[in-house]
Amino acid sequence: MAESPITPREKDFATWYQDVVIQGDMAEPAEIVKGCMVIKPNGYAVWEVLQRELDTRFKATGHQNVYLPLLIPESFLKKEAEHVEGFSPELAVVTHAGGKKLEEPYVIRPTSETIVGHFFSKWIQSHRDLPMLLNQWANVIRWELRTRMFLRTTEFLWQEGHTAHSTHEEALEEVIRMLDVYAEVAEDVMAMPVIKGVKTRAEKFAGALRSYSIESMMQNGLALQAGTSHDLGQNFGKAFDVQFQSKEGKLDYVWQTSWGVSTRLIGGLIMTHSDDKGLVLPPKMAHRKVVIVPIFRKDDEKGIVMEAAAKLAKEVGAHIDTREGHSPGAKFFHWERRGVPIVLELGPRDVAAGNVVIKRRDTGTKEIIPQTELAAKVAETLEAMQRDMFSKAKQRLQDNTVVANSIGEVREILDDVTAEKGGGKFVMAHLKDDPANDGAIKEFRASVRNIPLVDEYDGPGKCIITGEEVAQRVVIAKSY
RNA sequence: CGGGGCGUGGCUCAGCCUGGUAGAGCGCCUGGUUCGGGACCAGGAGGCCGGAGGUUCGAAUCCUCUCGCCCCGACCA
């Protein structure tokens, strides 16, 4: 009996996560480039599902895809003071090309606000050019000091939306619209509950007026920022001189937004649903939803079983594991680790009785059913799994969200929490949105995740640090 | 970037302290028996020990530098 190569969550959550990523054939460290990973077919397929789900919604809300240069003139970054200050430490810079030193270095994009600003200024003259609603699917590089597969890697894949509007109100509507799209994909497709909210001023995107985020809770109770949407105000408009003439003939700067989600979502997906046996994918995220493991001994059995398997596979769109030289048991483990939602077992006994064994990945429940009922059963099971996985995650979020009324209390709850040991909570507390207060929270390595858009608690109260009256509680947690 | 740990067949690791031309288990290949939760037997292939330099008659082993991975911290849409 071989031991599971996956470290139990209880023992070391961080190691468990890595084991699941590798054993699930999602990705592996590139090793030849610092902080980079190789996304393997099983992982990239998940990204493709996400891309499809997101892109469909972007198009439905009027956006078009574009592609902008990977390299950005260094001077562009410097045009927005806060932006350059925020990103400078993590930039990779190209200084040589074509065999000689460049007059002006190029920065490998960490994000494209600056280059978008440049092109917006070329493309926008009139209010008739607005709104301009663009999105880019791309890779970016940020030289982070500490990386973890999917959660934070030097190079990662993402989409960045960039829009320009004639009024601040309209831009704000866009910011919230896209935040809602992110929340919908997270909850309805990934079965990953999120809290929508505003980032504090200290935590906002470098160069934005305000940032909004969706925050989700991983199984160790740590928060993961799953997506962000920024109200850029006129900051980049002014820095890149993006002006338009209004109906009234007046010149004004555009109001911009930007929003993005990345391959980090895959890390969130894994840490929300997977278990000690490996990856668990919600049906909507699984590119391969049903796999049939045929069981037989002799050749005559093989013929009968394979024939029945082919028929069932066609009926429910399943993949048949025809690999030779692997026992059925080995095949069960194989698909279990890769998170396939439903595995069907089909052997001579089942064929003789007209049955098939259906097994759910999330609960491990096994059931013998008549083959005639399979199609309906599969559809019903996939739906139930999607629903149940969301409920379970939602319940966990609720169970691990607590209220605190003093800074000491917050600290006591979060002090010992680590990514490895877990025990994390979302602590709801009244806190004034002031960088000094963020600093106080940071002392015990936690942070304000966001200020929820919908207050599900007790409304106004006194700030746990300054004692000032604030409108509502904020989410404080340790995070990735 | 600071502190700690670690790089040896595909994987996990032993060997290193006390230098003397590389080992185990798993995996892989072939054949046979198996096959309802990681099968077994037999035979076989595969590594110059992360990389570079140094010390030495001789380096996986000692020294220096370097690259990468993991953990803690700092940093971080």
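Throughout, protein chains are lettered first and strands after them, A, B, ... in sequence-line order, and every chain is numbered starting at 1.
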Practice problem: Looking only at side-chain atoms of A:Arg148, point me to the closest of B:C75, B:C71, B:C76. | Solution: B:C71
Quiz item: Any salt bridge (Lys or Arg N to Asp or Glu O under 4.0 Å) pairs touching residues 293-304 of chain A, not counting sequence neighbours?
Solution: A:Lys302-A:Glu324
Quiz item: Among side-chain atoms of A:Glu215 and A:Asn450, is any donor-acceptor pair under 3.5 angstrom?
Solution: no
Practice problem: Could you please name the option among B:C75, B:C76, B:C69 that lies closest to any side-chain atom of A:Leu145? | Solution: B:C75
Quiz item: When the ring centroid of A:Phe150 is compared with that of A:Trp47, is the distance short of 6.0 Å?
Solution: no
Self-check item: A:Phe240: partners by ring-ring contact (aromatic ring centres under 6.0 Å, His included), with sequence neighbours left out
Solution: A:Phe76
Quiz prompt | A:Lys78: side chain to side chain donor-acceptor pair (under 3.5 Å) partners, not counting sequence neighbours | solution = none
Exercise answer: donor-acceptor pairs, residues 263-271 of chain A side-chain atoms, under 3.5 Å, sequence neighbours excluded:
residue	atom	partner	partner atom	Å
A:Thr263	OG1	A:Leu157	O	3.4
A:Arg264	NE	A:Leu151	O	2.9
A:Arg264	NH1	A:Gln225	O	3.1
A:Arg264	NH2	A:Leu151	O	3.3

Quick test: give all pairs of protein nitrogen or oxygen and nucleotides 43-47 of chain B nitrogen or oxygen below 3.5 Å, distance rounded to 0.1 Å.
none

Exercise. Could you tell me which residues satisfy ring-ring contact (aromatic ring centres under 6.0 Å, His included) with A:Phe156, sequence neighbours excluded, listed by chain and number?
Key: A:Trp158
Exercise. Round to a whole Å and report the spacing from CZ of A:Phe205 to C1' of B:C76.
Key: 13 Å
Quiz item: Whole Å only: how far is the CZ atom of A:Arg142 from the C1' atom of B:C76?
Solution: 9 Å
Quiz prompt | Whole-Å distance separating the CG atom of A:Asp350 from the P atom of B:G37 | solution = 12 Å
Exercise. Taking only heavy atoms on the protein side, list every residue of residues 292-311 of chain A lying under 4.0 Å from any atom of RNA chain B, sorted numerically.
Key: A:Ile295, A:Phe296, A:Arg297
Self-check item: Nucleotide forming a Watson-Crick or wobble pair with B:C75, both distances under 3.5 Å
Solution: none
Quiz item: Now, which nucleotide makes the Watson-Crick or G-U wobble pair with B:A45, with each of the two distances under 3.5 Å?
Solution: none
Quiz prompt | Pair assignment for B:C6, Watson-Crick or G-U wobble, requiring both distances under 3.5 Å | solution = B:G68
Exercise. Any strand is fair game: report the nucleotide pairing with B:U18 by Watson-Crick or G-U wobble, both distances under 3.5 Å, or none.
Key: none
Quiz item: How would you label the contact of A:Thr228 with the nucleic acid (heavy atoms, under 4.0 Å): base, sugar-phosphate, or nothing?
Solution: base
Quiz item: Planes under 30° and centres closer than 5.5 Å, is that true for A:Phe333 with the base of B:G38?
Solution: yes
Quiz item: Using a cut-off of 4.0 Å on non-hydrogen atoms, how would the nucleic acid contact of A:Glu345 be classed: base, sugar-phosphate, or nothing?
Solution: base
Exercise. Confirm from the modelled atom types if A:Lys366 and B:G37 form a donor-acceptor pair under 3.5 Å, side chain to base only.
Key: yes
Quiz prompt | ring-ring contact (aromatic ring centres under 6.0 Å, His included) involving A:His334 - partner list, sequence neighbours excluded | solution = none
Quiz item: Counting only Watson-Crick or G-U wobble pairs whose two distances fall under 3.5 Å, which nucleotide matches B:C62?
Solution: B:G54
Exercise. With sequence neighbours left out, write down each residue that passes side chain to side chain donor-acceptor pair (under 3.5 Å) with A:Glu203, or none if nothing qualifies.
Key: none
Practice problem: Looking at every strand, decide which applies to A:Glu203 at a 4.0 Å heavy-atom threshold: base, sugar-phosphate, or nothing. | Solution: nothing
Quiz item: Using a cut-off of 4.0 Å on non-hydrogen atoms, how would the nucleic acid contact of A:Gly207 be classed: base, sugar-phosphate, or nothing?
Solution: nothing
Quiz item: Taking any strand in view, what nucleotide pairs with B:C13 in a Watson-Crick or G-U wobble way, both distances under 3.5 Å?
Solution: B:G23
Quiz item: B:A39 pairs with which nucleotide, Watson-Crick or G-U wobble, both distances below 3.5 Å?
Solution: B:U33
Quiz item: Can you tell which of B:G36, B:C69, B:C76 lies closest to the side chain of A:Pro348?
Solution: B:G36
Exercise. Identify, residue by residue, the members of residues 354-365 of chain A with a heavy atom below 4.0 Å from RNA chain B, and return them in order of residue number, or none.
Key: A:Val357, A:Lys359
Exercise. Using ring-ring contact (aromatic ring centres under 6.0 Å, His included) as the criterion, list what pairs up with A:Phe205, not counting sequence neighbours.
Key: A:His83, A:Phe87, A:His230
Practice problem: Could you state the atom-to-atom distance from OH of A:Tyr480 to C1' of B:C71 in whole Å? | Solution: 13 Å
Collect all protein-nucleotide pairs involving nucleotides 2-11 of chain B in which both atoms are nitrogen or oxygen and the distance is under 3.5 Å.
none

Quiz item: Once you round it to whole Å, what is the distance between C1' of B:G37 and CG of A:Asp321?
Solution: 14 Å
Exercise. Consider the side chain of A:Gln18, meaning its heavy atoms from C-beta on, and name the nucleotide among B:G36, B:C70, B:C75 that approaches it most closely.
Key: B:C70
